[in-house]
Amino acid sequence: MNASASASVPTTAATLRSALGGLLDGLPPKQATAAVERLIASYRGRTPTDAPVLRDRSDVAAYAAYRMPATFEAVRSALDALAEAAPQWSPASHVDVGGGTGAATWAVDAVWDGPRGTTVLDWAEPALTLGKELAASSGSEVLRAAEWRRAVIGSGLVLPDADLVTVSYVLGELTPEARRAVVAEAARAGQAVVLIEPGTPEGYLRIREARDQLIGAGLKVAAPCPHDGTCPIEVGQDWCHFSARVSRSSLHRQVKGGSLPYEDEKFSYVAATRFPVEPAPSRITRRPQIRKGLVLLDLCGPESEGLTRVNVTKRHGDLYKAARDADWGQEWPPAATS
């Protein structure tokens, strides 16, 4: 991510929050809460997976107000990792599969500058309509010029070729057959493919399966993994996921209660490409544990090392300072100290 794109992230996030601010005006609080609770059940994978989750304007408004900021932050974090692995690359075209109201499209716009043709595909017309309205209120020419197109996200999906294909919080809505078909088509169409799912054990398993599928299709893993080998995590014992901080809206507080102005969105992801990348030497897989004069880092490293824990102490000098500032999901060691 270049410096100007990095500087734009708070502006993009703030612009999105502002655009979402008036969505629930006129919608009874009980109706908004009921819609959100049903959407949470879908998000957690407890509803049938053969139909669109967003059904009407009230569903879409509730989804956008409640979930769009979290989806934006999770996707942006995954895209940041891709940008770090391919610092000289920038997508000239982007297809967002199952993009709904466009959170991933906003995230792409936050990470990379420059002209870009963007197409958002979704099976819910109300979501596309609202997404286009939100994009029109942004300050981004790319977002305002995006194409919003209805498509059935499933086994018959055909995508236009694109530099970047994103599929965020969609695979869990699909049957296993449709899921494999969508991943296969994304791999065929995209020079880079980024898949994001909820940071649950089930979401991780979907990403793990899709990762294997992308590798089998000839793509190379750019992030979060340091290698293309077998994931070292023992299924059922743990799962790979990361965290992004999200400012809480009034609807979040209404539905969940609590007084904190933020919450942490847990997500699992994989980014893979058909062009050369420089994956992280290792990835921090848990929140660093800071002790007096000591930082404990849980790492996923080269295939030969797998999962390890390292102790970074004051005697490590600059590396110790970097460890104290390190965050879950970042590469290790940082490029400046490696």
Side-chain angles (χ1 to χ4, degrees), residues 1-13 15-16 67-120 135 138 140 142-143 146 162-171 186-187 189-199 203 207 210-211 214 219-225 240-246 265-275 277-280 283-284 327-331 335:
M1 180 171 61
N2 58 41
S4 59
S6 179
S8 75
V9 168
T11 301
T12 304
T15 302
L16 177 59
R67 283 295 309 161
M68 202 170 170
T71 302
F72 167 83
E73 293 295 352
V75 176
R76 183 181 63 81
S77 294
L79 296 176
D80 277 345
L82 171 58
E84 290 169 0
Q88 305 305 316
W89 177 81
S90 178
S93 55
H94 169 223
V95 174
D96 188 16
V97 179
T101 53
T105 299
W106 284 73
V108 171
D109 197 57
V111 173
W112 287 287
D113 289 334
R116 181 174 56 254
T118 294
T119 302
V120 183
S138 77
S140 166
V142 173
L143 288 174
D163 287 344
L164 174 65
V165 176
T166 55
V167 188
S168 57
Y169 296 89
V170 173
L171 299 181
Q191 291 299 303
V193 178
V194 181
L195 311 175
I196 303 97
E197 282 290 293
I207 290 295
R211 175 185 182 272
L214 293 174
L219 282 74
K220 299 292 185 181
V221 176
C225 320
C240 180
H241 65 293
F242 301 93
S243 180
R245 184 141 291 183
V246 185
E265 170 71 7
K266 305 298 195 307
F267 64 98
S268 296
Y269 78 98
V270 63
T273 69
R274 292 194 179 277
F275 51 82
V277 291
E278 298 178 8
R283 182 80 58 184
I284 301 172
D327 201 2
W328 183 2
Q330 292 181 350
E331 70 172 48

Quiz item: Do S77 and Y269 have side chains that get closer than 4.5 Å, going by heavy atoms?
Solution: no

Quiz item: Closest approach of P279 and V221, non-hydrogen atoms and distance?
Solution: CG-O, 3.6 Å

Quiz item: If every non-hydrogen atom of V194 is compared with every non-hydrogen atom of A271, which pair is closest and at what distance?
Solution: CG2-CB, 3.9 Å

Quiz prompt | Least distance between heavy atoms, A85 atom then A222 atom | solution = CB-O, 3.7 Å

Quiz item: Where is the tightest heavy-atom contact between A186 and V193, given as atom of each residue plus distance?
Solution: O-CG2, 3.3 Å

Quiz item: Which value, rounded to the nearest 0.5 Å, describes the distance between K220 atom NZ and C225 atom SG?
Solution: 13.0 Å

Self-check item: Shortest non-hydrogen contact from W112 toward P91
Solution: CD2-CD, 3.4 Å

Practice problem: Would you please name every residue forming a salt bridge (charged side-chain N to carboxylate O under 4.0 Å, His left out) with R274, sequence neighbours left out? | Solution: none

Practice problem: Working to the nearest 0.5 Å, report the span between CD of E73 and CG of D80. | Solution: 9.5 Å

Quiz prompt | Single hit among T12, T15, D109 for side chain to side chain donor-acceptor pair (under 3.5 Å) with S140 | solution = D109

Practice problem: Grab the two heavy atoms, one from D96 and one from G102, that are nearest each other, plus how far apart they are. | Solution: OD2-CA, 4.5 Å

Exercise. Look only at the side chain of Q191 and the backbone of F275, and say whether a donor-acceptor pair between them is shorter than 3.5 Å.
Key: no

Quiz item: Just how far is it from atom CG of L195 to atom CZ of R211, taken to the nearest 0.5 Å?
Solution: 12.0 Å

Quiz prompt | V75, T118, V142 screened by side-chain contact (heavy atoms from CB on, under 4.5 Å) with T105, the one that passes | solution = T118

Quiz item: In chain order, what residues pass the side-chain contact (heavy atoms from CB on, under 4.5 Å) check against S268, with sequence neighbours excluded?
Solution: Y204, I207, H241

Quiz prompt | R283 side chain vs G329 backbone, donor-acceptor pair below 3.5 Å | solution = yes

Practice problem: Calculate, to the nearest 0.5 Å, the distance between atoms CG and CZ belonging to L79 and F72 respectively. | Solution: 9.5 Å

Exercise. Measure up the F242 and W328 rings against each other and bin them: parallel (under 30°), tilted (30 to 60°), perpendicular (over 60°).
Key: tilted

Exercise. Going by the side chain to side chain donor-acceptor pair (under 3.5 Å) test, name the single residue among D163, T166, T119 that passes it with H94.
Key: T166

Quiz item: Just by distance, do the side chain of E197 and the backbone of S168 share a donor-acceptor pair under 3.5 Å?
Solution: no

Quiz item: Any donor-acceptor pair under 3.5 Å linking the side chain of T273 with the backbone of A192?
Solution: no

Quiz item: Taking atom CH2 of W106 and atom OG1 of T101, what is their separation to the nearest 0.5 Å?
Solution: 10.0 Å

